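Convention: sequence-line order gives letters A, B, ...; per-chain numbering from 1. Just so it is clear, the model here is predicted, and its values are computed rather than measured.
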Protein chains: 2
Amino acid sequence: MKKKTLHPTLSHVAREAGVGTTTVSRVINGGHRVNPETLARVRRVIERLGYMPNQAARTLKGHRTKTIGLVIPSIADPFFSSCAEAAQAIARANDSLVMLTVTSNDPRTEMENLDLLIRHRTDGLLIVPANSQSQILRDLLERVAVPVVAIDRPVSDSSIASVVCDNFKGAITGTQHLIDHGYKRIVCLTGESTLYTIRERMRGYRKAMEQAKLNCIIDSSVKDYKSAEYAIKSLLDGPSPPDAIFATKNSTTIHAFEVLQRLNIPVPQSIALLGFDDFELASTVRPPISVIQQPVEEIGRRAAEILFDQLLDERGAASPASRHPVQVKLQTRLIQRASCGCTPPTP
Amino acid sequence: MKKKTLHPTLSHVAREAGVGTTTVSRVINGGHRVNPETLARVRRVIERLGYMPNQAARTLKGHRTKTIGLVIPSIADPFFSSCAEAAQAIARANDSLVMLTVTSNDPRTEMENLDLLIRHRTDGLLIVPANSQSQILRDLLERVAVPVVAIDRPVSDSSIASVVCDNFKGAITGTQHLIDHGYKRIVCLTGESTLYTIRERMRGYRKAMEQAKLNCIIDSSVKDYKSAEYAIKSLLDGPSPPDAIFATKNSTTIHAFEVLQRLNIPVPQSIALLGFDDFELASTVRPPISVIQQPVEEIGRRAAEILFDQLLDERGAASPASRHPVQVKLQTRLIQRASCGCTPPTP
DNA sequence: CTGTTAGCGCTTTCAC
DNA sequence: GTGAAAGCGCTAACAG
C-alpha cells in the first residue's frame, strides 16, 4: 500500500548484488561482457528492487535524452492530431518519448514552448511554425543544437528540413475542377489569411482563375458559422451571385455547408462547393462534399522519420554537413464527391 | 550558420561573468539575494552566451522533472485529443511539459509506455487505463512514487484518483428517452465490450429496459461500417425489427447512421437513433443526431488539475496521507436533436 | 551578498 | 570479467 518514496539507484543494486556499479551498468545496457551467473544474479536484484534507470542521470553523462519536442497549433484539430499520432508512433519505434506542446498559432507561446523544450534538451524538434516568416524563429531554430523538421509549413529562407503539402498545386486542381464543371463565378472563401498554407491555397485559386480568364472573388472574413452566414448571404444577395465556392480549409468548408443547408440552398444545383482538406463525415453528409485531400498521416510520419534519420547519422556519420537539407513536398488528391456537381458511383 | 554543438553550462557563465556558480544559480532561479549590479552583469552574459539551464542536471539534484506523463488510447480520436489538449494546457500553466504516449488500448503497450515514463521520472501520471481490472496495472500504479489520476475509466479496487463520466446514468437517460418516445424494440448497438465505459453504458441500457419491462436486444458486433451494415440488415430482416437504436459510442453511432442512410431507411420515421458521445457534425447531418453528451474538455482539465493539486501539496503538506482519494464522476447531458423523434427548434 | 564544496545517478576509461 | 574513480551540470549547505 505504501508507496516507495525513493527510487532505488544503480548503486543500491550493486551493493545488494555484491558487485560494482560498472557491472550493473553493463547489465542494464544489454548485459554484454558479463559473466552469465553474475548477470542472472544482478537481474534478480533489479527485479526484486523494482529498479529503473534514471534517465536524467544518463542524459547528464552526455547522452541523448530520448525525447523529441513536438510543437503544434492544436491537438483538438484532427489534422494536427493525426500528425501527432503518426509522429509519436515513429518516436516510440525509436525508443523515444514525445514532449507535446501547443501554440494556438501564437508566436509568443511558440517561443516559450521552444524555450522549455530546449531546456529539457530534447534530441530533436518537430514544429508547425506559427509564422513561416518569423525572423526570430528562424534564428532560434538555426542556432539550436539539435535537428529540426518543420511540418505543414516551411520556415522561409532557411535550410531547415520540412514536410509540407503542395498547397498551391492542390488549390489549382480544385479550382480548375470547378472551372471544368462550367462554373464562372467561383468565390474563394477563407479566413486567417496570414498562414502559409492558406496563402498558398489562395495563390493557387488565383492562378487557376486567371488562367481561365475569370474574375477572382475572395472573401477572407470567415471565422465561424456567424461570419460564414453573413459572407454567403451578402454574396448571394449581391449583384452577381457566385455559382461555386472554393473553401480553403476544413472548418470553412463545414461552415459554408451548414449555412447553405440552413438556407435551403440546393448544393450543387444552386451553388457548388469544394473544400481543401478532407474531414470525417465529408462523404456522409448530403450531398457528399468534394475535397482536395492531404496525406495527413504521411506528413507526420515522414517528418518524424526524417528527424530520426538525422539523429541517427549524426551519431555515426563522418559527414554531418554533407546532408542536404530535406524539403519534402507531398501531393494532394482531388476527391470527387457530389457537392461539386460530379455524380460519383455510390461507393 | 554553424550550429553550436555544445550548450554553454552554468560554470561557463560563472567564469565569463567572473562570479561563482552559486551566484549564477541564484540568478537563473529568480535572482533573489543577489547584488543588482552582479545580477545585471550575469544576466548579460547569459544572454550573450545563449545559456539555458539543463533540466536533467536539476532533476538529478532531486528536483522535479517538470514533466507529466499522459497515457491515452489514441490521439486521433477526438474524445481523447480534447482531453489531451485540456491536460496540456493545465500542464503548461504549471510550467510543465506533457510526455505523450498512446496505447491503442493494448495492455502490453500500456505497460511499456508506463515503464518508459517512469524511467524519465515524470512528476505525475495521467492515464486512460486500457483495462480497468488489470491486476498488474493496479499494482504498478500503486507502487509508483508519483501521483496518478485515471481518466475516463477508473482503476478498479484501488485508491487511485479518477475523473470519469457517469456512463451508467447517461445510458439510462438516453434509453429512457427512447422509451418515452414510445419505442418498444430498442436495440443496443455496440462493440469492444471489454472497455469499462462501454460496459457501464450497456448496464445503463439494460437497467432502463428492465425497468420499462422491455426486452433487451444487444448486438455487440459493430466494429466498422461493414459490420454495422451486416448487424443492422440482420436485425431489420429479423422476425421483429427494432424501432430504435441506442449506439454506445461515437463511431458506432456514425456507422449506424451511414448504414441507415445508404439503405434509405428514414430516421426517425422507420427507426430512431440515439448515440452516446457527441461529435462534430452530429447537428449538421440530416436528420441531426440526438446524443448523450460528455463534458469532454472538462474531463481532461479536471484530471490535470487534480494531479497538480496533489503535486502541489505533496511539496508542502504535513499530511500527505490525509488526502482522500479523489473520485470525480461527471454528469452527462441529453442533447435532443431530431434522430430520436424529437423536433427541436432550429438552433 | 558571494564563493567553495559535496554530491544527485549514471557511464566510462583504465587498471587489475 | 570486473571494479575504482572521475566527472556530466546543477543546487544547497556552509563558510566567509
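No N or O donor and acceptor, one from the side chain of A:Lys61 and one from the base of C:dG9, sit under 3.5 Å apart. Side-chain N/O atoms of A:Thr21 and base N/O atoms of D:dA4 include no donor-acceptor pair closer than 3.5 Å. Looking at A:Ser25, its side chain has no donor and acceptor atom pair within 3.5 Å of the base of C:dT12.
To the nearest angstrom, P of D:dG9 lies 13 Å from NE2 of A:His63. In this entry the distance linking CG of B:Asn54 with P of D:dT11 reads 10 Å, nearest Å. One atom, CD1 of A:Ile46, and another, C1' of C:dG9, lie 14 Å apart when rounded to the nearest Å. Regarding A:His120, its NE2 atom lies at a distance of 15 Å from the C1' atom of D:dG9, rounded to whole Å. When the C1' atom of D:dC10 is taken as reference, atom CZ of A:Arg121 falls 11 Å away, rounded to whole Å. Rounded to whole Å, atom P of C:dC8 lies 9 Å from atom NE2 of A:His12. Between the C1' atom of C:dT11 and the CZ atom of A:Arg64 lies a distance of 16 Å, rounded to the nearest Å. One atom, CE of A:Met52, and another, P of C:dC10, lie 12 Å apart when rounded to the nearest Å.
In summary, B:Arg301 and B:Glu305 engage in a salt bridge, as defined by a charged side-chain N under 4.0 Å from a carboxylate O. A salt bridge links B:Glu112 with B:Arg108: the distance from a Lys NZ or Arg NE/NH1/NH2 to an Asp or Glu carboxylate oxygen falls below 4.0 Å.
Evaluated for a side-chain hydrogen bond (donor to acceptor under 3.5 Å, both in side chains) with A:Glu16, the options A:Arg44, A:Arg41, A:Arg48 yield exactly one hit, A:Arg48.
Distances from the side chain of A:Asn35 to the nucleotides C:dT12, D:dG1, C:dC10 place D:dG1 closest. For B:Leu10, taking side-chain heavy atoms from C-beta onward, the closest of the listed nucleotides D:dC10, D:dC8, C:dC10 is D:dC10. Distances were taken from every side-chain heavy atom of B:Leu60 (C-beta onward) to each of D:dT11, C:dC8, C:dT4; the shortest belongs to C:dC8. Looking at the side chain of B:Tyr51, the nearest of the listed nucleotides D:dC10, C:dT13, D:dT2 is D:dC10.
Of the side-chain N and O atoms in B:Thr38, none sit less than 4.0 angstrom from OP1 or OP2 of C:dC1. For D:dG1, neither phosphate oxygen OP1 nor OP2 lies less than 4.0 angstrom from any side-chain nitrogen or oxygen of A:His32. At the phosphate of D:dT11, OP1 or OP2 sits under 4.0 Å from a side-chain N or O atom of B:Arg58. Taking side-chain N and O atoms only, A:Thr23 has a distance below 4.0 Å to OP1 or OP2 of D:dG3. When the side-chain nitrogen and oxygen atoms of B:Asn29 are compared with OP1 and OP2 of D:dT11, one or more of them lie within a distance under 4.0 Å.
Within 4.0 Å (heavy atoms only), A:Thr9 reaches sugar-phosphate atoms of the nucleic acid but no base atom. In this structure, B:Ile28 reaches the sugar-phosphate backbone alone: every heavy-atom distance under 4.0 Å involves primed, P, OP1 or OP2 atoms, never a base. Residue B:Val19 is classed as a sugar-phosphate contact, given heavy-atom separations below 4.0 Å to backbone atoms only. Within the 4.0 angstrom heavy-atom criterion, only backbone atoms of the sugar-phosphate kind lie near B:Gly18; the bases stay farther away.
Of the possible polar contacts, one joining the A:Arg138 side chain to the A:Ser156 backbone as a donor-acceptor pair under 3.5 Å is found. In this structure, the side chain of B:Asp123 does not engage the main chain of B:Ile68 through any donor-acceptor pair within 3.5 Å.
No side-chain donor from either of A:Ser74 and A:Asp77 sits under 3.5 Å from a side-chain acceptor of the other.
The residue among B:Arg26 and A:Pro36 whose nearest nucleotide of DNA chain D lies closer to the 5′ end is A:Pro36.
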